[in-house]
Amino acid sequence: DVPIILGSTEMVDMIEFANTAMSFEDKNLPIKHIDGPMGVRGRNSNNKLILEKLGWEPSIKIKDGLKKTYFWIKEQLETQKKDGKDISAFSKSEVVQQTDDSLMQLGN
């Protein structure tokens, strides 16, 4: 048994990803760059293991999957708000430091 990472083979950088998400409702919000470690320029998935183990690979484009996810989340928030629940916590985020210890706990 091995973990299988599921993803798209499409290469996308974070600016492109953010612009794609904003395009669903014609938003043009500023993108704030924060200091932090420099990561890779873009990400995509190597689906060789998925194909080998499952005989299947993802076929949904990133834009299509992100759009479906975006509108599902929007619907969930609208339902929460309609039910009188406070949704303000969903509009905040923070940068967290990933440590080796927490990575080692994955899969346990």
Side-chain angles (χ1 to χ4, degrees):
D1 289 348
V2 296
I4 296 177
I5 297 173
L6 180 64
S8 172
T9 57
E10 294 173 81
M11 177 66 77
V12 63
D13 65 47
M14 296 317 300
I15 301 294
E16 181 183 359
F17 196 74
N19 286 328
T20 298
M22 288 188 285
S23 75
F24 302 143
E25 298 207 52
D26 296 320
K27 294 183 186 265
N28 187 17
L29 303 171
I31 296 175
K32 179 181 177 185
H33 297 275
I34 59 172
D35 290 332
M38 179 59 90
V40 296
R41 293 303 229 183
R43 293 228 181 250
N44 68 332
S45 177
N46 178 341
N47 291 335
K48 181 180 173 185
L49 185 60
I50 296 170
L51 191 56
E52 177 187 314
K53 298 289 183 182
L54 303 178
W56 174 88
E57 61 183 331
S59 60
I60 296 174
K61 301 271 184 215
I62 288 176
K63 183 175 183 175
D64 297 333
L66 182 59
K67 186 173 189 176
K68 184 174 182 175
T69 303
Y70 173 89
F71 285 107
W72 179 85
I73 291 169
K74 182 178 180 180
E75 179 184 327
Q76 301 306 306
L77 291 172
E78 288 170 352
T79 300
Q80 294 269 323
K81 190 174 180 180
K82 186 181 81 174
D83 291 345
K85 296 185 178 155
D86 179 16
I87 63 169
S88 63
F90 295 117
S91 65
K92 299 177 185 128
S93 64
E94 65 182 80
V95 176
V96 295
Q97 182 68 40
Q98 185 76 52
T99 63
D100 287 347
D101 291 344
S102 64
L103 290 172
M104 297 305 287
Q105 293 174 15
L106 293 174
N108 287 339

Heavy-atom pair with the smallest gap, counting every atom of [X] and [Y]:
X	Y	value
E16	M11	OE1-O, 4.2 Å
P58	G7	CG-O, 3.2 Å
G65	I60	N-CG2, 3.6 Å
S91	S88	OG-O, 2.8 Å

Distance (rounded to the nearest 0.5 Å) between [X] [atom1] and [Y] [atom2]:
X	Y	atom1	atom2	value
N19	D13	CG	CG	8.5 Å
K82	E75	NZ	CD	9.5 Å
I15	T20	CD1	OG1	11.0 Å
E52	E57	CD	CD	13.0 Å

With sequence neighbours excluded, what pairs up with F24 under the ring pair (Phe, Tyr, Trp, His ring centres under 6.0 Å) test?
Y70
Excluding sequence neighbours, so at least two apart, what forms ring pair (Phe, Tyr, Trp, His ring centres under 6.0 Å) with F90?
none
Shared ILVMFWY cluster between [X] and [Y], side chains joined below 4.5 angstrom?
X	Y	value
L66	M14	yes
F71	I87	no
F17	M22	no

Those residues that, when tested against Q76, pass side chain to side chain contact (heavy atoms under 4.5 Å, CB included) (two or more places apart):
W72
Within a strict 4.5 Å, meaning less than it, do heavy atoms of the E10 and V12 side chains meet?
no
Test side chain to side chain contact (heavy atoms under 4.5 Å, CB included) on T9 and K48; report intermediate values, then the result.
CA-CA 10 Å; T9 57; K48 181 180 173 185; over 6 Å; no
Give a yes or no on whether the backbone of S8 and the side-chain of N47 come within a donor-acceptor separation of less than 3.5 Å.
no
Can any side-chain N or O of D83 pair as donor or acceptor with the backbone N or O of K85 at less than 3.5 Å?
no
